[in-house]
There are 4 protein chains.
Amino acid sequence: MLNIGIIGAGRIGKVHLESISYHVKNATVKAVADPFMNDETKAFTEGFGVTKIYTDYKKILADDEIDAVLVCSSTDTHASISVEAIEAGKHVFCEKPVDHSIAKIQAVADALAAHPGIKFQVGFNRRFDHNFAAIRKAYDEGKIGEAHILKITSRDPEPPNPAYIKVSGGIFLDMTIHDFDMACFLTNSDVEEVYVNSAVLVDPAIGEQGDVDTAIITMKMANGALAVIDNSRRAAYGYDQRAELFGSKGMVATANDTLSSAVVSDENGVTGEKPLFFFLERYMGSFSEEMRQFVAACENDTDVPVGIHAGMQSVKIGLAAKKSVAEHRPVALSEIM
Amino acid sequence: MLNIGIIGAGRIGKVHLESISYHVKNATVKAVADPFMNDETKAFTEGFGVTKIYTDYKKILADDEIDAVLVCSSTDTHASISVEAIEAGKHVFCEKPVDHSIAKIQAVADALAAHPGIKFQVGFNRRFDHNFAAIRKAYDEGKIGEAHILKITSRDPEPPNPAYIKVSGGIFLDMTIHDFDMACFLTNSDVEEVYVNSAVLVDPAIGEQGDVDTAIITMKMANGALAVIDNSRRAAYGYDQRAELFGSKGMVATANDTLSSAVVSDENGVTGEKPLFFFLERYMGSFSEEMRQFVAACENDTDVPVGIHAGMQSVKIGLAAKKSVAEHRPVALSEIM
Amino acid sequence: MLNIGIIGAGRIGKVHLESISYHVKNATVKAVADPFMNDETKAFTEGFGVTKIYTDYKKILADDEIDAVLVCSSTDTHASISVEAIEAGKHVFCEKPVDHSIAKIQAVADALAAHPGIKFQVGFNRRFDHNFAAIRKAYDEGKIGEAHILKITSRDPEPPNPAYIKVSGGIFLDMTIHDFDMACFLTNSDVEEVYVNSAVLVDPAIGEQGDVDTAIITMKMANGALAVIDNSRRAAYGYDQRAELFGSKGMVATANDTLSSAVVSDENGVTGEKPLFFFLERYMGSFSEEMRQFVAACENDTDVPVGIHAGMQSVKIGLAAKKSVAEHRPVALSEIM
Amino acid sequence: MLNIGIIGAGRIGKVHLESISYHVKNATVKAVADPFMNDETKAFTEGFGVTKIYTDYKKILADDEIDAVLVCSSTDTHASISVEAIEAGKHVFCEKPVDHSIAKIQAVADALAAHPGIKFQVGFNRRFDHNFAAIRKAYDEGKIGEAHILKITSRDPEPPNPAYIKVSGGIFLDMTIHDFDMACFLTNSDVEEVYVNSAVLVDPAIGEQGDVDTAIITMKMANGALAVIDNSRRAAYGYDQRAELFGSKGMVATANDTLSSAVVSDENGVTGEKPLFFFLERYMGSFSEEMRQFVAACENDTDVPVGIHAGMQSVKIGLAAKKSVAEHRPVALSEIM
């Protein structure tokens, strides 16, 4: 049984609390800390039998009963808390992105190198989605041969509010970072070069923050494949999350998930349901699965499925994308340091 | 080159004229006869280079230049004209149904037996539809093993006018007859027994004519398979023509055809096009193909793809279906004589 | 909080135990009884924190702490245990079928009439499936107008072993009973008449037990709609569970569920996944949902979603279907007493 | 009636001859010229009733009976023959690309400016494909709002032979040129900037010719939309021709066409047909339709649907794409002169 402390009880911290309680065997959440702990969150937390509820996360790090922590705090604290936790001998599950700074991610990597027994997993939950996992499985089984072209469509149902945009690090580090990791996952390869074609088409307020809301990102993968991601901050029909991997022997592609397969045929046409609304609906299963695999890695002392390398790659790609927009040219990942 | 005379220049006669002219090599329409020949039809016919235009079909039968005739006249004259044509030494393509009377169909069969060199094909064009032909091909190739369950959905976009209903012979001899032939074609088997579950749900005027407009017909096939057809005289979304054949190794199923594959995703859902409107749109390709195969059979002295046996079976099944409704019980085909 | 006792710890009893523990708030399983309780089942049960583990279900009925029982014992004991439980003042969730005998189901109905405060729900879980619920929702919202034709496809991936066939009551009371209930649910109507077209095509051993393994059942619904169910005990491609409801304004149809939406295109074609393997995979969500609604009805003293009428109807239809096969004719439900 | 002369009797010239004869009313092919006219081509041509068969196309230009010519000769002669034909007072249908040289296309444009009564249409047949036309129609009808992201997938079933690659002008002027025109057509906009991410992944022999065989091309459209095309010279599953247009109100997308809708479900999965093999199968309907519209424009003195501007744009985009590969940077269309 793995005893877990959750640091940060915002939306994603709550998702993990619920998910572990209902869907993960061999793990129990024993403690939750949040600097803004309020009555509502406290009640929610207690509802899952958690008794150690703090405002100061250091109490969790100091607790010998705790084996592992989930770092679900604000992005700017991910790296430093992770380092502290590693040094305190706790396994760490860290939400994405690890940080916006390469140096700070490197500090985490250094801490891990110094504590080889510690497990560190990054919260790229989409790797555990049934559809994307099926693409990778087909690729691993050789069904499509060598990878030639990867296409990822990733569009949100609605943009975040402008205040969030400001602190988000921009679309590439906030939203596309999932797709960057997915590109690496689906092709089983790192990225070598990035070029971005982008625009502000959804909301001028986003442009006023210095960000873009619509983008086509092309990449050269280290294994020779070409990749393209298309992003929009607003798809009128909902959360659009698809991918296709094309190779020497064929193609594997996935569609969106829907609440049901019901299709109505009437005088207006043949109409199926829209995609599941947003990430909590679409990826709920993947949140459980990533946690099950993290717990299993800690319990069995095996490799985590998404380590610090993936955390570093995705941020480097995001920074390269920002540089590509700024300098209007393809940017090699080796330029990002 | 096969020289063809068309007897009956109504809608289906015109379809064949156009189809042969555009899509069938090795055949030319030389003569067209219709008792109600008018200026419009005459102009249409001349537009395809036909010079022999008559009101009396007997002129076609007497014409030594004509090798084959298409019997596209009213149903009650199909059988007698077919017999005359056979006796005049012409190959015959006869529209469905051959007749509503078993005795009159038998007369055609007898005439054919007496003139073994004559080709006789029944106009069950749907056998040549790309979708239904693909089901039969999969079955013939053994992809689904032994046939267990056949399902045919056949729904019209709108009912015929009540006046037509009166002379149509009823839904089973008018509309379902195509599906009865399709059941035999797709399972490659005759029918042994029929039971009908029917109702008047579309239009009370149809019920007042003594007919039904909605029906589920189940059949036992001679090869052991079970079959079911569902019919409606009115599908709000258009012409619904699907089939699935389920067997010991799997299933093959087809969908409706549409004008394009375009799908619009918006806040209302994910909407594709309705089926092609009606039989002229959906089955246009099959009208050409049945004619090509008829011409080939005449030219090469090979078997026609749909002979008098199919013409007889389909009518027997239709009469059994009517008897099932009247007597509220399953009816064996052997009862129909 | 509803305290639950489970009577019968076979496969379905275990499904409910797990489902309530993980997915149903406001309910706790406090006791489990099974005459064949063994170490493995005991360990499984204890794993969910259940401390009262018995061989005699009467201990559950006598336990004042228990508010409701799930009757998951063998079919021949459903009715009598249900009556006992009702008389002991427990709410009852009873697995399907309630019994094979109309008289014994009537005894349950009588007990309920005598204890009006008691909730009684029948385990027709498929009503809570996301796909079938979406059909009913579309119908209730008027999207397809008046119901004209209902089609249900229900095929198992593999037949039960011959020993089970013997005690199962036959395909109609064992397998089709779910489809009979679904027909009533989807059309929101009772059944008036049944006709069965059936055969032994999957396994002669099934025929030797006096049962059939392939069937097409047509029904007249009380609201005028026609319905058809097609069954097979073995679909090579897996568990086939689809329905379509056709009406005056259009049609709503559902497809099978799959593990993922991944489609591989290669030189052999464009291939998607097979349906989810069997009922535990396909209907897992519906087991949770039926239990949530049962618990809510007990807690809030509201109507259960599937009551004794549905339990009675489905068995009457099953008995009518058996009679239709035996007597080779359509059978009115009013004949079944 | 429009009298047509075909210049160049290779594959595409023959397609037009057959297409006009079978599917285009109000037009007749009167003459065919080809410098390599042989017995086979002569027989094929005569089979359609053409009596004027030449090796020298100038005989067609000098023939007063001829109203319009189809320029189906080798690409390097398209522009000069077009100018000659315009000056001879013939309407011109010119195959794509008009030329590889901007100056030579400009010469055609100049000739047209000098002969305002002459119709000139470029052979971008895909604009008339039922699927792509449906995307544009949905866009024109406002169903997707403002265009934000256009995605075109265009993959051939097999690469041309290396000898052809050498004279083809490279993948962008030979294969992608259709997609460039499609991007302009579907967004109803010109292109402003092009960036290419490309590789040799299919066949090293293509790389040895200085060409690429796999590419992702991103573009900025003049109306603000972003566009991306992905190309491969070899898709193992066949000719992959899809597009999706995403906008402020939704998305419209199309799938590949297949020979039938038949889907086989068996123990291996649920398998539909591969796309239609190659452009002659997929786009046959569009060859007829482009010709019908060309004939209509000539007959009615209305605008042609694809004029010299489209011919110029597509080649400029192709040249910008080549420059982008050579210089490894985004290239503005204004740089191409």
Side-chain angles (χ1 to χ4, degrees), chain A residues 18-26 47-49 128-139 141-145 186 241-273 275-276 282 284-286 288, chain C residues 18-26 47-49 128-139 141-145 186 241-273 275-276 282 284-286 288:
Chain A
E18 186 164 347
S19 178
I20 292 169
S21 303
Y22 285 147
H23 302 299
V24 184
K25 294 181 178 174
N26 302 321
F48 290 94
F128 306 92
D129 173 67
H130 62 143
N131 288 332
F132 297 130
I135 292 181
R136 175 65 184 269
K137 183 163 178 281
Y139 179 42
E141 291 172 355
K143 286 187 179 167
I144 65 147
L186 293 180
Q241 298 280 298
R242 293 171 285 150
E244 78 177 50
L245 183 59
F246 169 82
S248 55
K249 290 186 181 169
M251 172 173 69
V252 54
T254 56
N256 285 308
D257 285 346
T258 55
L259 192 57
S260 85
S261 62
V263 170
V264 172
S265 299
D266 61 19
E267 58 183 5
N268 298 313
V270 176
T271 303
E273 296 192 6
L276 289 173
R282 164 62 186 269
M284 191 46 79
S286 73
S288 307
Chain C
E18 186 164 347
S19 179
I20 292 169
S21 304
Y22 285 147
H23 301 298
V24 184
K25 294 181 179 173
N26 303 322
F48 289 95
F128 306 92
D129 174 66
H130 62 143
N131 288 332
F132 297 130
I135 291 181
R136 175 64 185 270
K137 183 163 176 284
Y139 179 42
E141 291 173 353
K143 287 189 178 166
I144 65 148
L186 292 180
Q241 298 280 297
R242 292 171 286 151
E244 77 177 50
L245 182 60
F246 169 83
S248 55
K249 290 187 182 169
M251 172 172 70
V252 54
T254 56
N256 285 308
D257 286 345
T258 55
L259 191 57
S260 85
S261 63
V263 170
V264 172
S265 299
D266 62 18
E267 58 184 5
N268 299 312
V270 176
T271 303
E273 295 193 9
L276 290 174
R282 164 62 186 269
M284 192 45 81
S286 72
S288 307

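Because the structure is predicted, anything quoted here is derived from the model rather than measured.
- Interface remark: of the candidates A:Ala138, A:Ala255, A:Ser21, A:Ala255 forms the most heavy-atom pairs closer than 4.5 Å to chain C.
- In terms of heavy-atom pairs under 4.5 Å with chain A, the best-connected choice from C:Val263, C:Val264, C:Thr271, C:Asp266 is C:Val263.
- Here C:Ser260 contributes atom OG and A:His130 contributes atom NE2; the two are 7.0 Å apart, rounded to the nearest 0.5 Å.
- Residue A:Ala134 comes nearest to C:Glu273 through the heavy atom pair CB-OE2, 4.3 Å, listed as atom of the first residue, atom of the second, then distance.
- For a residue to count as touching a neighbouring chain, one of its non-hydrogen atoms must lie under 4.5 Å from one of that chain's; by this rule A:Glu244 does not touch chain C.
- A side chain to side chain donor-acceptor pair (under 3.5 Å) with A:Ser261 holds for exactly one of C:Thr254, C:Asn256, C:Asn131; it is C:Asn131.
- Atom CG in C:Asn268 sits 11.0 Å away from atom NZ in A:Lys143 (nearest 0.5 Å).
- Contact annotation for C:Lys25: only side-chain heavy atoms (C-beta onward) come within less than 4.5 Å of a heavy atom of chain A.
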